[in-house]
Amino acid sequence: MEKQFTAATEERHWREEWERLDIGRANPDSQRPAFSMALPPPNVTGRLHLGHATNGALQDALARFHRMRGAEVCWVPGTDHAAIATQNVIERQLAAEGTSKETIGRAAFDARVESWYAEVGGEILEQLRRLGTTCDWSRARFTLDDAYVQVIRLVFRDLFDQGLIYRGPRIVNWCPRCGSAISDEEIDFQEHHDTFFYVRYRAAGPSAGGDRDGITIATARPETIPADVAVAVNPDDPRYRDLVGTTLLEPLTGREIPVIADPLVRIEVGTGALKITPGHAPDDYEIGQRHGLEVLTAIGLDGRLRTPGLAALDTLTVAEARPRAASLLRAAGAMVREEPLVHMVGHCDRCGTVIEPLVTPQWWCRMAELAEPAAEAVRSGRVRFHPPRFAAEYLGWLEGLRDWCVSRQLWLGHRIPVSTCARGHVFAWVDEPVQCPRCDSAELRHDPDVLDTWFSSALWPFAILGWPEPTPELSRFYPTHVLSTARGILRLWVARMVMTSLRFTGEVPFHDVLIHATVLAPDGQVMSKSKGNGVDPLAMVERHGADAVRAWAAQIAMGIQDTRFDERRIESLARFANKLWNMTRLLWDRLPRDSDDRILLPPDPPRSELELADRWILARTAEVVERVTASFQRFDLTDAIDTLYEFSWHELADWYWELAKDRLEPAGTAGAVAGRVLLATLAALHPIMPFVTDACASRFAGQPASLDLGAWPEPPDSWRDPEAVEAMVACLDVTRALRSALQESLGGRTSRTRRGPVAVVRVRRGPDCLWTDPGRTYVARMAGVVFDDAAEPPPDRPGSSAGQVLVVGPTELEWRPVGEVGAGPDLASIARELARVEVHHANLAANLAGPFAARAPAVVVQREQAKLEEAERRIAVLRDTLSSGRDGVPPGQGDPGRDR
RNA sequence: GGGCGAAUAGCUCAGUGGCAGAGCGCCUCGCUUACACCGAGGAUGCCGCAGGUUCGAGUCCUGCUUCGCCCACCA
C-alpha cells in the first residue's frame with residue numbers, strides 16, 4: 001500500500017467500480033423496503049456550486065445509509081431547463097458577442113439553446129458523479145424531455161378544465177428587459193435612495209374644500225401621474241374626511257379625478273393621501289378594482305412612457321421621465337416640497353432590471369383550492385420539516401396566497417398548451433390539435449406564452465416516476481421519503497410540489513423536507529457569480545478529495561446556522577481520510593495476506609482470549625455505531641461525522657492501534673479485533689466518505705465489492721462491556737496525567753527510543769486495572785514508565801517519598817525520574833496549583849453544604865462528592881510536596897525560568 | 001413595520017440544564033518501522049449585555065445590543 005491515500009486515483013477507480021456494480025440502480029421488483037428521493041434538478045445554467053455539492057453529499061449519505069440498512073433505494077437525478085435563467089445566460093453570451101436574440105432570430109436562438117443544454121446538462125450530472133453520488137442515472141430526467149412535457153400538458157389541461165387556470169388582465173411584475181411577467185417570488189428587493197415628491201392636487205371646483213384648495217399627496221413616481229385616476233385617503237382620517245367625494249385636478253394634464261376613501265391607505269405615511277394609479281402599482285390596482293376605477297396606462301411594456309397627451313414625457317424611459325415630470329410640477333407650482341426617500345424597489349431576480357408593475361393579460365393558477373390541502377399536509381405531520389421551524393414559514397406563505405401568474409413572455413420554455421380557434425373557442429390540449437374540438441375550425445392560434453419554469457418543477461417527484469401511468473416505480477417509490485434542498489426555494493418549489501402532488505396523486509410528494517445550510521463566502525457574503533466570490537466544489541475535490549468535501553458537507557449541512565466557507569475544515573478531513581488509510585496500512589503490513597494481497601483476518605477470538613483493551617474497543621465500537629445510526633436516522637450528519645472522526649482518530653488510532661501494534665501476530669487476538677473494529681468503523685463512515693472507506697475495506701479478504709453492498713454494522717451484544725470501558729478509561733486518564741506531569745517536569749527529555757522508560761511509578765491507591773497486568777502494562781508502555789511495586793503495594797499514606805505525587809480521580813500514585821536524583825518539584829507552580837485546587841475545593845464544599853445536596857439527583861451529588869474527595873487528596877499531597885520541598889531542595893532549583 | 005436565525009478560543013464552528021469543546025493557528029518537545037498529511041504536551045474564554053427561573057444556566061424565560069436572512073400594501 002502507498003504511504004498516502006491518493007484520492008484522485010482511488011476516486012477514479014471506485015467511481016468506475018460503482019458504475020460497474022450499478023449501485024444506484026433501483027429495482028422496483030425487489031422485496032426490500034423502499035427509500036426514495038428526487039434530486040432537486042439543478043438549473044442548466046452553468047457549473048455546479050457548493051450548494052449543489054452540499055446537497056448532493058447529504059442526499060448520497062442518506063441513500064448509502066439506507067441501502068446498507070437493507071432498503072431498495074431509488075434516487076432519481078435530473079436537470080431543469082430553467083427557462084428564464086437559461087434564456088438570460090444565452091442572452092448575455094449573445095450580448096458579449098455583440099449580437100442579440102432578435103438579431104439572430106428564433107431558429108438560431110433555439111439551436112443555440114439546444115447545444116447549451118446538451119453540453120452543460122451532461123456536465124452537471126458528470127460533476128455530481130465526481131462527488132461519488134449514487135443516483136440512479138438510468139432514470140435521469142430533463143424537464144424538456146418529451147415524456148415530461150406530456151405530464152406538464154396533462155396537468156395544465158386538467159387545471160384548465162377544472163377552472164383552476166384562467167387567463168385575464170391583471171397587474172403583474174413586469175420586467176421590461178426580459179419583456180415578461182415575473183412571479184412575486186422572483187423579485188429581488190433592493191434599497192433605493194430616491195426623492196419623495198409632495199405634490200399639490202388642486203380642487204376641481206369651489207366645492208372642493210374651500211380655503212384648503214385641494215390635497216397634497218406624496219409620491220416617489222411623479223412620472224405615473226398621467227395615469228392617476230383618483231386620490232385616496234383613509235376613511236378614518238379626520239384631515240380629509242370632508243373632501244371625500246369631491247374632485248381634484250391631476251396636476252400634469254389637468255384631468256378631474258375623485259377623492260375616495262379606502263382603509264388600505266395608511267394615515268401616517270406621507271401626507272396620508274395617496275394618488276391612485278391602478279395601471280402601475282399593485283395596491284393602487286387593488287383599490288381601483290374595489291372602487292370600480294378605470295385603468296390608465298402611462299408606461300408601455302418596453303418601460304417607456306406612453307403619454308400622447310403629454311409630449312414632454314412621451315417615449316422617455318422611466319428614469320428619464322421622472323426628473324422631467326418633477327420639473328413640470330415645479331413649473332406648474334404644484335410641487336410643495338421634496339425630501340429624500342429610502343425605500344425598497346423590486347428588481348428582476350434574473351437580470352436585475354427594475355420591475356414595472358403593469359397590467360397585462362396573463363395565465364393564472366388559482367391558489368385557494370390548492371393551498372389548503374398543502375397546509376393541512378404539514379399541520380397533520382404527513383410532511384415534516386428539518387429543522388422544524390421552516391414549517392411555520394411554509395404555512396405562513398400558504399395563508400392569503402395570491403393567484404400564481406404561470407405565464408411568461410419568453411422565447412425559452414414550455415409553450416402554454418392552449419389554442420384559440422377562429423371563432424374564439426379557447427381550449428387546452430396535451431397533443432397539439434389540428435382543429436377546434438368545439439367547431440372543427442382549422443384556424444388555430446397556439447398561445448404564444450411559455451410557462452413559468454416552476455410550474456414544471458412543481459411536478460418533479462411524480463413526473464419522474466412515470467405518472468400518470470401506474471408504473472411499478474410509482475407504486476413502489478412514491479411518495480418519496482426525503483426531499484433535501486436549500487432554504488431559498490421553499491415557496492417557489494417545495495410548497496408547490498406539495499400542492500400539485502396532493503391534487504394529482506392524492507399523496508404528499510415526500511415526508512421529510514431537509515433544509516440544508518447555506519454556504520457563505522469566507523467574508524460572510526452570499527456567494528454569487530456577480531460578486532465572483534464563489535468557490536468551485538470540483539476544485540475542492542481535486543485539491544482535497546471528494547471524501548473530504550463530502551465530510552465537510554455532512555458537518556455543515558444540517559447545522560442551524562449558515563456557515564462561512566472555510567477550506568481548513570476540508571483540509572483536516574482530507575487528513576482524516578489519510579489517517580484511515582494508514583490505520584489500514586498497519587494491519588496490511590503486519591497481518592498475513594492472501595494471494596490477492598488482501599488481509600486475512602485471524603478468526604474471531606473467543607471471549608476468554610480478549611484482554612482489557614480488546615474488550616474496551618469492541619464495547620466502544622458498539623456504542624459508537626449505535627449513536628451514529630441514530631444520528632443518521634434523525635438526519636444529524638454533523639453528529640455522525642464528528643462522532644466517527646473523534647472515535648476513529650482519538651480512540652482507535654491513538655490508543656488501540658498503539659496498544660495493538662505489538663500484538664499483531666498472525667493468529668493473535670489483537671489483529672482479529674482491530675480488523676473487525678476497523679471494518680465496522682469504515683462501514684459506518686461509508687455513507688459519508690465512500691471512497692476511502694471502500695479503498696480501505698477492499699484491502700481485507702472476504703469483503704463485498706463495495707461496503708455499499710454490504711450490511712450496516714450491527715455489533716453483537718457480546719461486544720458491550722461497561723466494566724472494560726470504565727477500567728480502560730481509568731488507564732487512559734492515568735496515562736495522560738503521567739505524560740503531562742513527565743513532560744512538564746522533564747521538558748524534552750522524554751524520547752523513548754533513546755531513553756526507554758523515563759520514570760518509576762508506584763501506585764498508592766486506585767482501581768484494580770492499575771495493579772494488575774494488562775492495565776499496568778498499557779500505562780507503562782504508553783506513558784514510558786516502569787512500575788516498581790508490582791509485588792507489594794506501599795502503605796497507603798501520603799508524602800514521605802522522594803517522588804512526586806499525582807492524583808487522578810480515584811487514583812493516587814507517585815513517580816520519580818529513572819536513574820536521576822529528582823531535580824525537585826517546581827515549588828512555585830505547585831503553590832499555584834494548590835491555590836487553584838483549594839478554591840475548587842471550597843466551591844465544591846459550599847455547594848454540597850447547601851440545598852444542592854438535597855435537591856439535585858443522587859448521581860450528580862455523588863459525582864460532586866467524589867470530586868470533593870479528590871480535591872482533598874490533591875490538597876494533601878500538594879501541601880506535603882510543598883513542605884518537603886522547602887525542607888529539602890531549595891526553591892528555585894525547579895527551573896523557575898519556565899514560570900510564566 | 002413584522003417574523004426567524006445567529007452571537008462560544010486568534011479564525012471557522014460543535015455543544016443534548018450538571019467540571020466550557022473540536023479543527024486550524026500559536027508555544028514546547030519528538031524525524032518512535034501505519035501515518036511529519038504524524039505523535040506527546042501546553043497556552044488561549046465576561047459562552048454579546050442586563051435581568052429572571054432553577055440546588056445548578058453557554059443551554060430555559062424576558063428585555064436589550066449587533067449581524068444576517070425572510071416577509072410586508074413605507075405609496
Side-chain angles (χ1 to χ4, degrees), chain A residues 1 3-5 189 196 217-221 224 232 264-266 268-271 273-277 281-287 341-344 387 389-390 392-393 396-397 487-488 490-491 518 520 522 524-526 544 555-556 559-590 638-639 642 645-646 650 653-654 657-658 661 664 736 739-744 746-754 782-784 840 843-844 847-848 850-857 859-861 863-864 867 898 900:
Chain A
M1 283 176 79
K3 203 166 176 179
Q4 283 176 18
F5 176 64
F189 282 95
F196 214 18
I217 59 93
T219 182
R221 305 205 56 189
T224 64
L264 203 54
V265 180
R266 295 185 14 183
E268 70 283 2
V269 177
T271 64
L274 174 63
K275 78 186 195 67
I276 299 299
T277 321
D283 306 338
D284 296 15
Y285 183 79
E286 198 181 311
I287 291 174
L341 172 70
V342 179
H343 62 151
M344 303 300 278
R389 62 190 152 87
F390 287 107
E393 185 181 334
W397 182 69
R487 196 176 48 213
L490 187 64
R491 308 138 195 270
T518 302
L520 304 174
Q525 300 222 333
V526 177
H544 306 292
Q555 265 184 350
I556 60 109
I560 283 177
Q561 210 190 350
D562 290 350
T563 192
R564 294 184 184 206
F565 180 74
D566 185 359
E567 192 170 349
R568 296 170 307 176
R569 290 179 73 167
I570 301 183
E571 278 169 24
S572 79
L573 290 159
R575 282 199 282 272
F576 178 50
N578 192 55
K579 188 75 182 182
L580 294 167
W581 176 258
N582 276 292
M583 290 169 71
T584 307
R585 197 159 75 97
L586 178 67
L587 302 188
W588 189 82
D589 275 344
R590 304 287 185 84
T638 308
D639 188 68
D642 285 354
Y645 179 99
E646 175 68 22
H650 298 307
D654 286 352
W657 250 233
E658 290 302 325
K661 255 182 199 173
L664 290 175
R736 272 188 284 255
R739 281 173 172 174
S740 176
L742 260 50
Q743 198 147 326
E744 279 287 283
L746 304 175
R749 295 170 293 161
T750 55
S751 171
R752 266 176 267 155
T753 41
R754 269 180 296 167
M782 301 297 283
H840 185 219
N843 289 341
L844 288 166
N847 199 21
L848 281 162
F852 168 79
R855 302 271 194 108
V859 256
V860 177
V861 175
R863 210 153 51 212
E864 295 299 296
K867 280 183 223 163
R898 283 176 44 246
R900 281 179 285 270

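Atom set for the values below is all heavy atoms of this structure, side chains included, hydrogens, waters and symmetry mates excluded. In what follows, chains are A, B, ... by sequence order, proteins preceding strands, each numbered from 1.
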Grab the [atom1]-[atom2] distance between [X] and [N] for me, whole Å please.
X	N	atom1	atom2	value
Gln555(A)	G15(B)	CD	P	11 Å
Arg575(A)	G39(B)	CZ	P	10 Å
Ile570(A)	C24(B)	CD1	P	14 Å
Leu586(A)	C35(B)	CG	C1'	9 Å
Asn578(A)	G39(B)	CG	C1'	14 Å
Arg569(A)	G25(B)	CZ	P	15 Å
Trp657(A)	C38(B)	CH2	C1'	16 Å
Asn582(A)	C35(B)	CG	P	6 Å

Given [N], is OP1 or OP2 found less than 4.0 Å from the side-chain N or O atoms of [X]?
X	N	answer
Lys579(A)	G39(B)	yes
Ser740(A)	G41(B)	no
Arg585(A)	C35(B)	yes
His650(A)	A40(B)	no
Lys3(A)	A36(B)	yes
Arg564(A)	U12(B)	yes

Show the nearest heavy-atom pair for residues [X] and [Y], with the distance to one decimal.
X	Y	result
Thr271(A)	Ile217(A)	OG1-CA, 3.6 Å
Thr277(A)	Asp284(A)	N-OD2, 2.7 Å
Thr638(A)	Gln555(A)	OG1-O, 2.9 Å
Leu848(A)	Ala853(A)	O-CB, 3.4 Å
Thr224(A)	Arg221(A)	OG1-O, 2.8 Å
Ala577(A)	Phe5(A)	CB-CD2, 4.1 Å

Could you give the distance separating [M] and [N] at their [atom1] atoms, to the nearest angstrom?
N	M	atom1	result
C67(B)	G25(B)	P	32 Å
U44(B)	C61(B)	P	33 Å
G45(B)	A14(B)	C1'	16 Å
C47(B)	U59(B)	C1'	10 Å
A50(B)	U65(B)	C1'	11 Å
U62(B)	G10(B)	C1'	33 Å
A57(B)	G17(B)	C1'	7 Å
U32(B)	A36(B)	C1'	12 Å

Donor-acceptor contact below 3.5 Å, side chain Trp588(A) vs main chain Met1(A):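 Absent.
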5' precedence on RNA chain B between Phe565(A) and Asp589(A) (nearest-nucleotide basis):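 This one resolves to Phe565(A).
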Identified stems (criterion: three or more consecutive Watson-Crick or G-U pairs, under 3.5 Å), RNA chain B: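 Correct response: B:1-7 with B:65-71, B:10-13 with B:21-24, B:26-30 with B:38-42, B:48-52 with B:60-64.
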Base C11(B) paired with Arg568(A) side chain (donor-acceptor, <3.5 Å):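 Side chain to base: pair present.
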Test: Arg568(A) and Glu571(A) ion pair at under 4.0 Å: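 So Arg568(A) does not pair with Glu571(A) through a salt bridge.
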Pairing of Asp562(A) and Arg487(A) as salt bridge, 4.0 angstrom limit: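 Arg487(A) and Asp562(A): salt-bridged.
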Base, sugar-phosphate, or nothing for [X], non-hydrogen atoms under 4.0 angstrom?
X	answer
Ala577(A)	nothing
Pro857(A)	base
Asp642(A)	sugar-phosphate
Thr277(A)	nothing

Residues Asn578(A) and Arg575(A): side-chain donor-acceptor under 3.5 angstrom: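 Their side chains do not contain a donor-acceptor pair, so the 3.5 Å distance test is not met.
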Min side-chain heavy-atom separation Arg564(A)-Asp566(A) under 4.5 Å: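 With C-beta onward as the side chain, the pair stays apart.
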Summary of protein contacts for nucleotides 68-75 of chain B, nucleotide by nucleotide, where a base hit scores B, a sugar-phosphate-only hit scores S (4.0 Å, heavy atoms): --SSBBSB
Aromatic ring pairing Phe576(A)/Tyr645(A), orientation class (parallel under 30°, perpendicular over 60°, tilted between):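 The arrangement is tilted - the two ring planes meet at 30° to 60°.
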